[in-house]
Amino acid sequence: MTPGVQPLIAGNWKMHGTLAEARALAGAVAAGAKAGAGAGLLVAPPFPFLPAVAAALAGSQVALGAQDCHAAPKGAHTGDVAAAMLREVGATHVILGHSERRAAHGETDAVVQAKAAAAMAAGLIPIVCVGESEAQRLAGEAEAVVRGQLAGSLPPGFAAAGGIIAYEPVWAIGTGRTPTEADIAAIHAALRAVAGPATRLLYGGSVKPGNAKEILALPNVDGALVGGASLVAADFLAIAAAVRPGG
Ligand code: PGA
C-alpha cells in the first residue's frame, strides 16, 4: 500500500458469463461492497453487458469499467467501441493494453498510448497493463521490459488524469503462479519511480483470497486486477476484504 492512495480492487471478467450471470454477479458484488471499506471496487464486464451491469451497480460503491476501447473518437472501425460510448453507458474506467490484447490483437505500446489518450479525452480513467513474459523474466529483463512498456504506453497527462497502472506478469495470468513478494515489490518500486507518488499501482496475475493479504501489504501495491477470482462474488469480496483499512 501507499500512504494517501486509496486502494482499488478491479475485476476483469474477460469474455465470460451470460447476461443473467453478469447481472447476478454485479448485484452480489454491489450488495457485498461495504461503504467506507478500505478499498474501492470496480468490475469490467464484456461490452454487451455494460448497461445491465451499470443498472445492477446503481447506488452502490462499485465502479464500472470496460476492457478496451478504440483510439479514435468515431469512424469506420467495424467491431470497435469508442471511449465516449463507454462513458455514455456508465463506465468510468477502461482497461487498456492487457497482455491478452497485446498478444492476440497485436497491440503495441503506441496503440495502447493512443487508446489511453482517447480514454482520457472522453473522461474515462485508463488502467494500463504492463508485464513481462516468462522468457523475459528468466533472462533478467523483467524490469527493463516493464520500464519500456511504461515509457511507450503512457500518454502525457496520464498521472494528472488519475491514470492507473497494472503490473501483470504474462506468465502469472490465469496460471495460479505468482512472482515472489520481493519480485513484485521490486517491479512496483520501479513503477513508482516512473509514475509519481499518487498513481495507483495494481498487481495482477493469479490473485486469490489465499494470497491477497500478502500481495496487498507490499509497498507500492495499491490494489489488484483480478481475473478468474473476480467471477465469484465471494472470492472477489474476500480479496477486497484483505486490504488493510488505512493502508
Ligand atoms: P487472473 O487474471 O487473475 O485470472 O490471473 C488477471 C488478469 O488477466 O487481469
Side-chain angles (χ1 to χ4, degrees), residues 7-17 21-22 25-26 29 39-47 49-50 53 62-69 91 93-107 112 115-116 119 124-134 136-137 142 145-146 149-150 153 163-181 183-184 187-188 191 200-216 218 221-243:
L8 176 70
I9 306 298
N12 174 10
W13 293 1
K14 307 191 181 182
M15 196 172 73
H16 289 293
E21 286 166 350
L25 180 54
V29 171
L41 292 177
L42 177 149
V43 296
F47 287 139
F49 302 160
L50 282 166
V53 170
V62 184
L64 182 65
Q67 299 175 18
D68 183 38
C69 70
H93 295 66
V94 59
I95 299 168
L96 296 171
H98 190 283
S99 68
E100 287 153 15
R101 294 210 59 87
R102 289 179 186 261
H105 296 267
E107 292 193 7
V112 176
K115 289 182 172 194
L124 291 175
I125 295 175
I127 302 174
V128 170
C129 303
V130 295
E132 82 284 358
S133 67
E134 182 151 39
Q136 290 165 332
R137 163 65 60 183
V145 166
V146 167
Q149 288 175 328
L150 279 186
S153 304
I164 297 167
I165 297 168
Y167 168 55
E168 298 204 305
V170 177
W171 52 274
I173 294 174
T175 60
R177 298 162 59 207
T178 54
T180 65
E181 291 177 18
D183 286 342
I184 296 174
I187 295 286
H188 277 247
L191 297 181
R200 277 167 164 167
L201 306 177
L202 312 183
Y203 169 79
S206 296
V207 178
K208 312 271 180 230
N211 61 17
K213 194 159 175 258
E214 289 69 30
I215 291 171
L216 292 168
L218 295 171
V221 175
D222 308 314
L225 182 53
V226 185
S230 74
L231 297 172
V232 178
D235 287 353
F236 187 59
L237 293 167
I239 291 167
V243 173

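In listed order, ligands and their atoms are each counted from 1. Excluded from the calculations below are hydrogen atoms, water molecules and symmetry mates; all remaining heavy atoms, backbone and side chain alike, are included.
Between P45 and L64, the closest side-chain pair of non-hydrogen atoms falls below 4.5 Å. The shortest distance between side-chain heavy atoms of L25 and V43 does not fall below 4.5 Å. Inter-residue side-chain proximity for D235 and K208 is flagged as unmet; no heavy-atom pair is nearer than 4.5 Å.
Annotation: atom 9 (O) of ligand 1 to nearest protein heavy atom, E168 OE2, 2.6 Å. With respect to atom 3 (O) of ligand 1, the closest heavy atom belonging to the protein is G227 N, 2.8 Å. Residue, atom and distance of the protein heavy atom nearest to atom 4 (O) of ligand 1 are G228 N, 2.8 Å.
Remark: the backbone N or O of G205 is paired with a side-chain donor or acceptor of Y203 at under 3.5 angstrom. Listed for the S153 side chain is no donor-acceptor partner under 3.5 Å among the backbone atoms of L150. The backbone N or O of C129 sits less than 3.5 Å from a side-chain atom of R102, completing a donor-acceptor pair. With N12 contributing its side chain and G227 its backbone, the two residues share no donor-acceptor pair below 3.5 Å.
Close contacts between ligand 1 and G205 involve ligand atoms 5 (O) [criterion: under 4.0 Å to a heavy atom]. Close approach of ligand 1 to N12 (heavy-atom distance below 4.0 Å) involves ligand atoms 9 (O). Near I173, meaning under 4.0 Å from any of its heavy atoms, are these atoms of ligand 1: 2 (O), 5 (O), 8 (O). Atoms of ligand 1 lying under 4.0 Å from any heavy atom of G174, numbered from 1 in the order shown and given with element: 1 (P), 4 (O), 5 (O). Of all the atoms in ligand 1, the ones that sit under 4.0 Å from a non-hydrogen atom of H98 are 7 (C), 8 (O), 9 (O). Annotation for ligand 1: atoms under 4.0 Å from non-hydrogen atoms of A172 are 5 (O).
Assignment of K14 to the shell around ligand 1 is supported, since a heavy atom sits closer than 4.0 Å. The closest approach between S99 and ligand 1 stays at or above 4.0 Å for every heavy atom of the residue.
Remark: E134 engages R177 in a salt bridge, criterion side-chain N to carboxylate O under 4.0 Å.
Backbone and side-chain nitrogen or oxygen atoms of A229 are examined, and none is located within less than 3.5 angstrom of a nitrogen or oxygen of ligand 1. Checked by distance only, ligand 1 and S206 come closer than 3.5 Å through their nitrogen or oxygen atoms.
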Let's go through H98 and Q67 carefully: what are the C-alpha distance in whole Å and the side-chain angles of both, what is the deciding distance for side-chain hydrogen bond (donor to acceptor under 3.5 Å, both in side chains) to 0.1 Å, and is it a yes or a no? CA-CA 8 Å; H98 190 283; Q67 299 175 18; over 6 Å; no
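Heavy atoms of C129 found under 4.0 angstrom from ligand 1: none, in either backbone or side chain.
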